[in-house]
Asker: 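Take a look at this one; I'll ask things after.
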Amino acid sequence: MVEFQKMEPSELKAYYADLQTEYEKIKAQGLKLDMSRGKPCAEQLDLSLGMLDMVEYKSPSGLDCRNYGCVDGLPEVKKLFAPLLGVKADQMIIGGNSSLNMMHDTIARAMLFGVTDSVVPWGRLPVVKFLCPTPGYDRHFSICELFDIEMISIEMKEDGPDLDRIQELVAEDETIKGIWCVPRYSNPTGITYSDAVVDGLARMRTKADDFRIFWDNAYAVHHLTDHPQPLENMMEACVTAGHPERVFIFSSTSKISLSGAGVAMMAASERNIAMIRKQLAVQTIGSDKLNQLRHLLFFKDEAGITKHMKKHAKIIGPKFELVFEMLQTQLAEAGIAAWNRPQGGYFINFNTMEGCAKRVVQLAAEAGVVLTPAGATYPYHQDPLDRNIRLAPTFPPLSELKKAMEVFILCNKLAALEKMIR
Ligand code: PMP
């Protein structure tokens, strides 16, 4: 293969015609492949099957988990997961099965009642704004859309979101109430925030006294290598900076145990947690403690989680490798796309030639391969350069992933050639 930019117009046309023939043949195969969402595959879910055989219902301290109560979760389960979030157990709330649910409710409560330092509930203000590092997690942006929170895109750099820009904005605009952060193996960029970014976010001067960092550490232990890049402790950074109330931390076991039946958790300062616990007690008498107990008995301790995550890495590592290898050998030389090589998490961040992402997704769909919609990784679904696509390699079996990637690579070439020939 030759770099497309170096090809003569006649060569580009001939190559395009060949690829079109190939594309029509693939279309005729009637494929039905899905690479759209970062879901674990069945083999990964099987790793936690043992949990379902557990019939124990007494917690280690003797609580009958079949019954009502314990609104913020079993203390032993808080202890199990506290190191995951880098907090003290009494700074935690154990929730239901979804951390997204907890993020949604945290925003809803802030809109209705404000947070600990609010003068008025956010929802009573004429405008509320959130900073959104992009590309980012589409479901964070959907929460903002639902609550009519104005989103401001912040460019993601190599070591996290553009700190200078963030500092500039929050210092002068008191309607900016928060920022979404996926600090480790960010969805979809795979970036882990540097110490400088963590410290900067913790320290910065914000015009809003009730500014909050939504620290969604969904991929805290989801490493693909044996030597993970460290992530500075955000809670400690906030305390050291004199802003202990600034951070809400979220995570879950959705991609540790079972995506549909895991355990979600959040953490914040004792003052924040006291306020949330009081509000939560009106909403529920308690989450599913049997599931919390199953997780405790299954994982036992932090080492148990680490060991389990290595089994996940063994299953999904080869899928990531396959994608890297195919992109490298079949697409790199064309010089029409760029991608990252994450050290963990669930995604590969892919940039097509500018102005081609929507077309690539459309071409792939017509050939039977579903990708995350182009634009989904940006607020309001607007990718200004129409180039970003989130690749999710974990769910399909290797053979299907290979086929899907062949189609994806072909569609990239077709979309780029269409643009260049025009
Ligand atoms: N946050 C991020 C960054 C995610 O990628 C995901 C899963 N796609 C979630 C949250 C969802 O978490 P949960 O299953 O705990 O609701």
Side-chain angles (χ1 to χ4, degrees), residues 34-41 44-45 48 73 77 81 84-85 92-108 130-144 146 151 154 156 160-161 178-193 213-224 231 234 247-267 287-288 291-292 295 305 309 312 316 320 340 342-349 370-373 376-379 388-395:
D34 193 342
M35 275 183 82
S36 63
R37 298 230 62 106
K39 293 195 290 190
C41 62
Q44 287 178 273
L45 299 172
S48 301
V77 173
F81 292 126
L84 197 88
L85 303 186
M92 292 182 76
I93 290 175
I94 306 293
N97 74 324
S98 163
S99 61
L100 189 71
N101 188 169
M102 296 182 97
M103 291 177 235
H104 169 281
D105 284 2
T106 305
I107 297 263
F130 254 61
L131 303 180
C132 300
T134 52
Y137 179 37
D138 53 347
R139 293 185 194 273
H140 288 161
F141 305 156
S142 300
I143 293 178
C144 283
L146 182 65
M151 290 180 269
I154 301 291
M156 266 304 237
I179 181 169
W180 289 112
C181 296
V182 183
R184 183 165 239 166
Y185 311 133
S186 189
N187 176 352
T189 59
I191 284 164
T192 296
Y193 289 20
I213 298 169
F214 283 66
W215 197 247
D216 178 4
N217 207 352
Y219 301 103
V221 288
H222 304 56
H223 315 299
L224 286 169
L231 171 68
M234 183 44 115
V247 67
F248 289 138
I249 304 175
F250 303 90
S251 195
S252 77
T253 69
S254 287
K255 288 162 184 176
I256 298 175
S257 58
L258 303 171
S259 299
V263 171
M265 58 206 83
M266 72 175 290
S287 295
D288 181 348
N291 198 31
Q292 294 175 24
H295 279 73
I305 297 176
M309 292 315 290
H312 278 290
I316 62 174
F320 279 85
N340 70 332
Q343 305 290 298
Y346 264 60
F347 303 102
I348 293 163
N349 193 42
V370 185
L371 299 166
T372 307
T377 50
Y378 282 78
N388 190 252
I389 296 178
R390 184 182 77 169
L391 292 177
T394 55
F395 185 68

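All ligand and atom numbering here is 1-based and tracks the order in the structure. Just so it is clear, the values below take in all heavy atoms, side chains as well, and ignore hydrogens, waters and symmetry mates.
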Asker: Could you walk me through whether N349 and M156 pass side-chain contact (heavy atoms from CB on, under 4.5 Å), step by step?
Answerer: CA-CA 12 Å; N349 193 42; M156 266 304 237; over 6 Å; no
Asker: Just by distance, do the side chain of S252 and the backbone of V263 share a donor-acceptor pair under 3.5 Å?
Answerer: no
Asker: With a 4.5 Å limit on heavy-atom distance, are the side chains of R390 and L371 in contact?
Answerer: no
Asker: Give me the ring orientation class for F214 and F250: parallel if the planes are under 30° apart, tilted from 30 to 60°, perpendicular past 60°.
Answerer: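 Parallel: the ring planes of F214 and F250 meet at under 30°.
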Asker: Is the side chain of N217 donor-acceptor paired with the backbone N or O of S251 at a distance under 3.5 Å, no angle test?
Answerer: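 Absent.
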Asker: For the side chain of K255 and the backbone of G38, is there at least one donor-acceptor N/O pair under 3.5 Å apart?
Answerer: yes
Asker: Report all protein residues having a heavy-atom distance below 4.0 Å to some atom of ligand 1; order the list by chain, then number.
Answerer: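 Around ligand 1, where the cutoff is 4.0 Å for heavy atoms, the contacting residues are S98, S99, L100, M103, Y137, V182, N187, D216, A218, Y219, S252, S254, K255.
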